[in-house]
Amino acid sequence: MASLFDHAIRLGDDALILGQRLSEWAGHAPMLEIDLALSNIGLDLIGQATHFLKLAGEEEGKGRDADALAFRRDVLDFRNCLLVEQPNGDFAQTIARQFLFSNWQELLMTEIAAAPAPALSAIGAKAVKEVAYHARYASEWVVRLGDGTEESRARMVAGLDSMWRFVDELFDPADGAASLRPAWDARIADTLHAASLDVPKPRRAVTGGRRGHHSEHLGHLLTEMQFLQRAYPGVTW
Amino acid sequence: MSKEWPLWEVFIRAKNGLAHKHAGSVHAADARMALEAARDTYTRRMEGVSLWVVPSVSITASDPGEAEALFAPAQDKVYRHPTFYTVPDGVKNI
């Protein structure tokens, strides 16, 4: 049974790493409107990460706050799922990652908001409204790209293909999220149907993020995210 | 076909009971996406409780060249303002 610390750190790391990934789009998105939308989603996630990691630090009781957990841990200590650390790729790949993740996160936050642990459920209740919008935004784009031009469709298919290997990890029974799978499958199938896309074929799952076994991408992400605190430990401004 | 997305004018209702006010514009491929772009661009700081988006091409604007004819005649007609009435002391809510 996972402890509250394990639970909080996983949720916090998922949100932190995906928030950092989305922030990489700032100034690079195809349109100003998309730039703002992706930044908003990223900031929502970093806000959630702050709450979850603060809780994790309190549970741990070793005096680490959210910043210490975010900026002074190494790759092996991160507990995020592999999906969120995958590179942005093109816009369709970013949307595919968001679509798979936000639909899962919305179901999870809904469950957490109703859970008995009051500290966790308070964060979940706040997050669920934000995440519902993320899921809606990403789903809308899946439909438009999938049901758009030949090129947008090809990119959306490729984006989903590249991310699909990381889906099973979200429902790992060890994390207690296996029960969300049927609802998630139904939501994903609905949107893909509206986008006239096929649900990707099952493939061999890649897992390990929850145990600290990450892809090389996470190290590069942390290098950038943690640079300031590593170069100037304890700096504030 | 133009590669640019069409422009939409955004109107925000700040709170219930007030009228929607023009806030700016966004580019979006369709109405639903325009609403989302408007939400992300103009309501990040609790600016509103309701949004309208209207295709910019649907708006017919007055011609600046006709501004004299349209608006100047109102300038010397101060009597159109209800400022010449004496309001009795007992009247509230005016």
Side-chain angles (χ1 to χ4, degrees), chain A residues 19 22-23 25-48 90-92 94-95 98-99 102-103 106 126 129-153 155-156 190-191 194-196, chain B residues 1-68 70-71:
Chain A
L22 289 171
S23 77
W25 273 107
H28 299 281
M31 307 278 290
L32 176 70
E33 286 79 357
I34 294 176
D35 212 290
L36 270 173
L38 295 177
S39 301
N40 278 349
I41 295 176
L43 285 171
D44 284 349
L45 288 167
I46 288 170
Q48 294 166 17
D90 61 10
F91 180 63
T94 291
I95 287 297
Q98 202 67 44
F99 169 61
S102 295
N103 273 293
E106 187 185 349
K126 179 175 180 293
K129 290 178 219 150
E130 296 170 344
V131 176
Y133 182 76
H134 306 168
R136 170 182 150 162
Y137 181 84
S139 302
E140 296 274 1
W141 269 114
V142 168
V143 173
R144 277 158 185 80
L145 294 173
D147 198 20
T149 65
E150 209 169 297
E151 181 178 359
S152 73
R153 180 186 175 83
R155 284 177 183 249
M156 195 65 244
D190 271 359
T191 302
S196 62
Chain B
M1 193 184 107
S2 163
K3 292 199 88 163
E4 277 280 300
W5 285 338
L7 198 62
W8 303 73
E9 298 303 320
V10 177
F11 299 83
I12 302 178
R13 163 177 278 166
K15 55 183 183 184
N16 285 330
L18 296 183
H20 286 74
K21 273 194 155 174
H22 187 239
S25 53
V26 292
H27 289 93
D30 55 50
R32 177 107 179 163
M33 296 304 259
L35 270 181
E36 297 192 350
R39 180 263 191 194
D40 288 327
T41 310
Y42 293 110
T43 66
R44 306 171 69 216
R45 300 177 186 87
M46 301 189 300
E47 287 93 338
V49 296
S50 166
L51 277 172
W52 288 349
V53 289
V54 180
S56 302
V57 294
S58 303
I59 291 181
T60 309
S62 61
D63 180 353
E66 291 175 342
E68 284 270 292
L70 289 173
F71 309 117

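These figures come from a predicted structure and were not determined experimentally. Here is how names work: the chains are called A, B, and so on, in the same order as the sequence lines, proteins then strands, and each is numbered from 1.
Nearest heavy-atom pair, B:Asp40 versus A:Asn40, reported as atom, atom and distance to 0.1 Å: O-ND2, 3.2 Å. Between A:Glu33 and B:His27, the closest heavy-atom pair is OE2-N, 2.6 Å.
Atom-to-atom distance recorded for B:Glu36:CD and A:Leu36:CG is 13.5 Å, nearest 0.5 angstrom.
Cation-pi geometry between B:Arg39 and A:Tyr133 is met: under 6.0 angstrom from the ring centre, within 45 degrees of the axis.
The shortest distance between side-chain heavy atoms of A:Val143 and B:Arg32 does not fall below 4.5 Å.
Proximity to chain B is absent for every atom of A:Leu38, based on heavy atoms less than 4.5 angstrom apart. Heavy atoms of A:Ile41 lying under 4.5 Å from chain B are absent altogether.
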